Every structure is written in structure tokens, then in C-alpha cells.
Amino acid sequence: QVQLVESGGGLVQAGGSLRLSCAASGRTIGNYVMGWFRQAPGKEREFVAAISWSGSSTYYADSVKGRFTISRDSAKNTVYLQMNSLKPEDTAVYYCAARLGSYLYASVNEYPYWGQGTQVTVSS
């Protein structure tokens, strides 16, 4: 079993930056694909980014490509999401997720482990 706890959310002005962290416990996440998803009010949860267990492969939603960067520190059992050039439409609850394996899925259904989420609000 993997427990995930997100942190780093907050209120930021458009154009600003935030870095989200996802700390894992229970098991080492060295063999897990890690993903970030987000859910805005009234909308379905959507894929943001994923990273392979080695960190050598990443995958981004088109809406965040070039602005967000996912990374991981296996020694700290932590995954990060650096968010730059934030826009009001990035406002959402951001969730960290994990799945055992190597494929970087973008589907919510492929990730069995989830954190509780952290709120990101971008003001215009």
C-alpha cells in the first residue's frame, strides 16, 4: 500500500509559479509511475503529467506542456510538479497518483493510489 500526501498549493497571481510536492510513504515508489492530475469545480479530474520510475521519461497534457515540469527524488520518495506561467484556468485541486508499472498512462482509472489533493488558485 502506498500513501501519498501533497503539499505546496496556494494562491498565486497569473504569471506566477508554484511547486507542488507529493511525499510517499508505506512503500518505496522506486518501481511506481507517478502522476499529477487536477480537478476544477464542476469538471472531471484530468491528467496533468506523469513520470517513469527512473525519471527518464515524462508525459504532459498539451495544456501544460512547456509550463509545468514533473520530477522525482527517489531518495526522498517524493515527486514534484513545478508550475510556471500559471493561468487562471490552472485553478483546481491537484492530486498526486501512483501506479506500479512502467507505462505512463493519462487515464484516472489506471492509477490505484491517490493523495487527498492540494488547492491551487490562480488569480487574474
Side-chain angles (χ1 to χ4, degrees):
Q1 195 76 351
V2 176
Q3 290 81 44
L4 304 172
V5 178
E6 303 95 336
S7 62
L11 174 64
V12 64
Q13 288 190 332
S17 299
L18 281 175
R19 189 177 82 155
L20 305 183
S21 299
C22 172
S25 62
R27 288 190 178 182
T28 178
I29 58 172
N31 293 328
Y32 286 75
V33 167
M34 303 299 296
W36 284 97
F37 291 76
R38 66 187 182 186
Q39 188 167 18
K43 295 188 176 181
E44 293 187 352
R45 194 169 298 188
E46 65 175 8
F47 171 75
V48 175
I51 189 167
S52 63
W53 64 267
S54 67
S56 61
S57 297
T58 57
Y59 177 37
Y60 295 94
D62 288 342
S63 59
V64 307
K65 202 173 295 183
R67 299 189 298 123
F68 291 10
T69 302
I70 188 171
S71 62
R72 66 192 298 161
D73 185 334
S74 295
K76 296 183 178 179
N77 235 24
T78 300
V79 177
Y80 305 97
L81 185 69
Q82 177 66 45
M83 305 186 295
N84 299 329
S85 302
L86 283 161
K87 305 175 181 180
E89 51 263 44
D90 294 319
T91 295
V93 177
Y94 282 71
Y95 297 90
C96 177
R99 69 178 306 274
L100 189 62
S102 59
Y103 195 78
L104 305 187
Y105 287 101
S107 170
V108 169
N109 296 329
E110 296 293 340
Y111 292 80
Y113 304 107
W114 292 85
Q116 294 301 307
T118 184
Q119 176 71 47
V120 172
T121 303
V122 185
S123 63
S124 57

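Here the structure is a predicted model, which means the values were calculated and not measured.
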Might you confirm whether atom CD of Gln116 has over 12 heavy atoms from other residues, nucleotides or ligands at distances under 6.0 Å? no
Non-hydrogen side-chain atoms of Glu6 and Trp36 separated by less than 4.5 Å: yes
Kindly say whether Gln82 contributes a backbone atom to a donor-acceptor pair with the side chain of Arg19 at under 3.5 angstrom? no
Glu44 side, atom CD; Gln39 side, atom CD - distance, nearest 0.5 Å: 8.5 Å
Are side-chain heavy atoms of Tyr60 and Thr69 found at a separation under 4.5 Å? yes
Side chain proximity check, Thr121 to Gln119, heavy atoms < 4.5 angstrom: yes
Side chain to side chain contact (heavy atoms under 4.5 Å, CB included) between Thr91 and Val120, worked out: CA-CA 5 Å; Thr91 295; Val120 172; 5.9 Å; no
Test side chain to side chain contact (heavy atoms under 4.5 Å, CB included) on Cys96 and Met34 and set out the steps. CA-CA 7 Å; Cys96 177; Met34 303 299 296; 3.7 Å; yes
Under the side chain to side chain donor-acceptor pair (under 3.5 Å) test, which residues partner Ser17, sequence neighbours left out? Asn84
Does the gap between the ring centers of Phe37 and Tyr95 come in under 6.0 Å? no
Any idea which heavy atoms bring Pro88 and Ser124 closest together, and the distance? CG-CB, 3.9 Å
Kindly compute the distance separating OG (Ser52) from CZ (Arg72), expressed to the nearest 0.5 Å. 7.0 Å
Are Val2 and Trp53 co-members of a hydrophobic cluster defined by side-chain heavy atoms under 4.5 Å apart? no
Can you see which heavy atom on Thr78 is nearest to which on Ala23, and at what distance? OG1-CA, 4.1 Å
Using the rule given for side chain to side chain contact (heavy atoms under 4.5 Å, CB included), can you reason through Ser57 versus Leu104, listing the C-alpha separation, both sets of side-chain angles and the distance that settles it, and then say yes or no? CA-CA 8 Å; Ser57 297; Leu104 305 187; 4.0 Å; yes
Does Tyr59 have its ring centroid less than 6.0 Å away from the ring centroid of Phe47? yes
Is there a path of hydrophobic side-chain contacts, each under 4.5 Å between heavy atoms of I/L/V/M/F/W/Y residues, joining Leu81 to Val12? yes
Salt-bridge test for Asp90 and Lys87: reply yes if a basic N is under 4.0 Å from a carboxylate O, no otherwise. no
Can you find a pair of side-chain heavy atoms, one from Arg99 and one from Pro112, that are under 4.5 Å apart? yes
Determine whether a donor-acceptor pair (N or O, by modelled atom type, separation under 3.5 Å) exists between the side chain of Tyr113 and the backbone of Leu100. no
When hydrophobic residues are tied together by side-chain contacts of less than 4.5 Å, even through go-betweens, does Ile51 share a cluster with Val33? no
With a 4.5 Å limit on heavy-atom distance, are the side chains of Ile70 and Tyr80 in contact? no
Is the NZ or CZ atom of Arg38 both under 6.0 Å from the centre of the six-membered ring of Tyr94 and within 45° of that ring's axis? no
Spatial distance of atom OG (Ser25) from atom CD (Gln3) [nearest 0.5 Å]: 4.5 Å
With Arg45 as the cation and Trp114 as the aromatic partner, state whether NZ or CZ is under 6.0 Å from the six-membered ring centre and within 45° of the axis. yes
Between Tyr111 and Ala50, the two heavy atoms sitting closest are OH-CB, 3.7 Å
Nearest heavy-atom contact between Gly9 and Leu20 is N-CD2, 3.6 Å
